[in-house]
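To start, the structure itself, in structure tokens.
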Amino acid sequence: MIVPIFPLPVYLLPNGITQLRIFEQRYLNMVKNSQKTQGFVIVHTLQESDSSKYRVNQKTRLSDWGSWVDIVDFDSGDDGMLMITVQCKSLVTIKDVHQQADKLYVATISPKPHWQTGQAHDHQHCMLLKTQLERLFDNHIALQRLYPSPAFDDDNWVCARWLELLPIEFSDKQHFSQDTSFTEAIDFLNTIFVNETSS
């Protein structure tokens, strides 16, 4: 399947929601046609030093996977620019990236499995993560607006939202896009919070 791609330094896992400001004509066209293309894919932009087979210009490389999103809301910002809210419905592997005449990038995508519900893990190890995320939501109205029905009792959801929110380099996060990485993600996040509380 060929889908438009949007190169951005955004890390988004399934069910993750974010807002994007759209102003370039090629991306306005992408939004306009999103129903026909079944959404679009946000693909993380990498540093020049990072390895990747996909280069969109001399300075920018792309990850070989992305977040396939649907537009769930839109509005005009204070500056009059289009603001869209998107939600990730799936991770995908990308290949055969090329640019159309209107300068919009498109790629062939295929589904990339992620964490499955009900994976064996120690639920107690997620309790600190859940408590801290609830506290963060309580203190940030913007998060409450993005997620009016947060799934705090879903360990997958809690871990994914923390990985998106924490200011960690993409190179340290990208491993957790693998479908077998859930237990490692829990351990990784708990290590961060344990270090924070002990310092």
Side-chain angles (χ1 to χ4, degrees), residues 3-47 56 60-63 65-92 94 97 102-107 109 111-112 114-115 129-130 132-154 156-174 176-177 185 189 192:
V3 175
I5 62 172
F6 198 170
L8 288 172
V10 172
Y11 182 90
L12 202 64
L13 295 175
N15 297 311
I17 300 174
T18 193
Q19 288 189 317
L20 305 173
R21 178 180 281 110
I22 308 296
F23 55 90
E24 289 188 50
Q25 188 59 51
R26 56 180 163 172
Y27 297 124
L28 290 169
N29 292 340
M30 177 188 73
V31 169
K32 181 180 178 181
N33 296 319
S34 63
Q35 286 190 326
K36 297 178 183 177
T37 60
Q38 298 182 47
F40 58 91
V41 177
I42 296 174
V43 182
H44 201 283
T45 50
L46 306 175
Q47 300 298 318
V56 295
T60 304
R61 296 171 183 265
L62 295 179
S63 171
W65 66 274
S67 308
W68 192 6
V69 302
D70 282 326
I71 299 172
V72 295
D73 199 5
F74 61 90
D75 199 357
S76 294
D78 295 336
D79 53 7
M81 290 185 184
L82 176 65
M83 296 287 295
I84 63 172
T85 304
V86 298
Q87 182 170 25
C88 178
K89 56 185 175 181
S90 172
L91 299 186
V92 293
I94 67 166
V97 178
D102 63 358
K103 297 187 177 181
L104 180 68
Y105 290 101
V106 297
I109 65 169
K112 176 181 172 64
H114 198 233
W115 306 334
L129 303 178
K130 172 186 174 181
Q132 295 289 1
L133 190 62
E134 288 175 328
R135 187 173 301 166
L136 184 69
F137 269 64
D138 286 342
N139 293 323
H140 289 82
I141 294 176
L143 285 175
Q144 296 171 27
R145 289 175 177 165
L146 276 182
Y147 296 97
S149 301
F152 293 124
D153 291 327
D154 182 337
N156 287 21
W157 191 90
V158 168
C159 289
R161 302 298 76 79
W162 270 126
L163 288 170
E164 293 163 354
L165 290 167
L166 287 171
I168 302 168
E169 293 292 332
F170 178 78
S171 57
D172 294 325
K173 291 183 177 185
Q174 67 171 337
F176 303 116
S177 68
L189 291 168
I192 290 175

>> With heavy-atom distances below 4.5 Å as the criterion, would you say the side chains of Val106 and Ile5 are in contact?
In response: no
> If we only count heavy atoms from C-beta on, is the Gln19 to Leu146 side-chain gap below 4.5 Å?
Replying inline: yes
>> Any non-hydrogen side-chain atom of Arg161 less than 4.5 Å from a side-chain atom of Leu13?
In response: yes
>> Among residues at least two apart in sequence or on other chains, which ones pass side chain to side chain donor-acceptor pair (under 3.5 Å) with Trp65?
In response: Ser63
>> As a test of understanding, state which of Val31, Asn33, Thr37 forms a side-chain contact (heavy atoms from CB on, under 4.5 Å) with Pro4.
In response: Thr37
> Are side-chain heavy atoms of Leu165 and Leu143 found at a separation under 4.5 Å?
Replying inline: yes
> With sequence neighbours left out, which residue pairs that include part of residues 135-145 fulfil the side-chain hydrogen bond (donor to acceptor under 3.5 Å, both in side chains) condition?
Replying inline: none
> Going from NZ on Lys89 to CD on Gln38, what distance comes out if it is rounded to the nearest 0.5 angstrom?
Replying inline: 5.5 Å
> Are any non-hydrogen side-chain atoms of Val43 and Pro7 less than 4.5 angstrom apart?
Replying inline: no
> Among all residues two or more places apart in sequence or in another chain, which pass the ring-ring contact (aromatic ring centres under 6.0 Å, His included) test with Phe40?
Replying inline: none
> Considering residues at least two apart in sequence or located in another chain, which fulfil the ring-ring contact (aromatic ring centres under 6.0 Å, His included) criterion with Trp162?
Replying inline: Phe193
> Does the side chain of Asp153 reach to within under 4.5 Å of the side chain of Lys130, using non-hydrogen atoms?
Replying inline: yes
>> Minimum heavy-atom separation for Gln87 and Asn15, please, with both atom names.
In response: NE2-O, 3.5 Å
> Considering residues at least two apart in sequence or located in another chain, which fulfil the salt bridge (Lys or Arg N to Asp or Glu O under 4.0 Å) criterion with Lys112?
Replying inline: none
>> Would you call the rings of His44 and Phe170 parallel, tilted or perpendicular, taking 30° and 60° as the class edges?
In response: parallel
>> Suppose the criterion is ring-ring contact (aromatic ring centres under 6.0 Å, His included): which pairs have a residue in residues 12-38, not counting sequence neighbours?
In response: Phe6-Tyr27
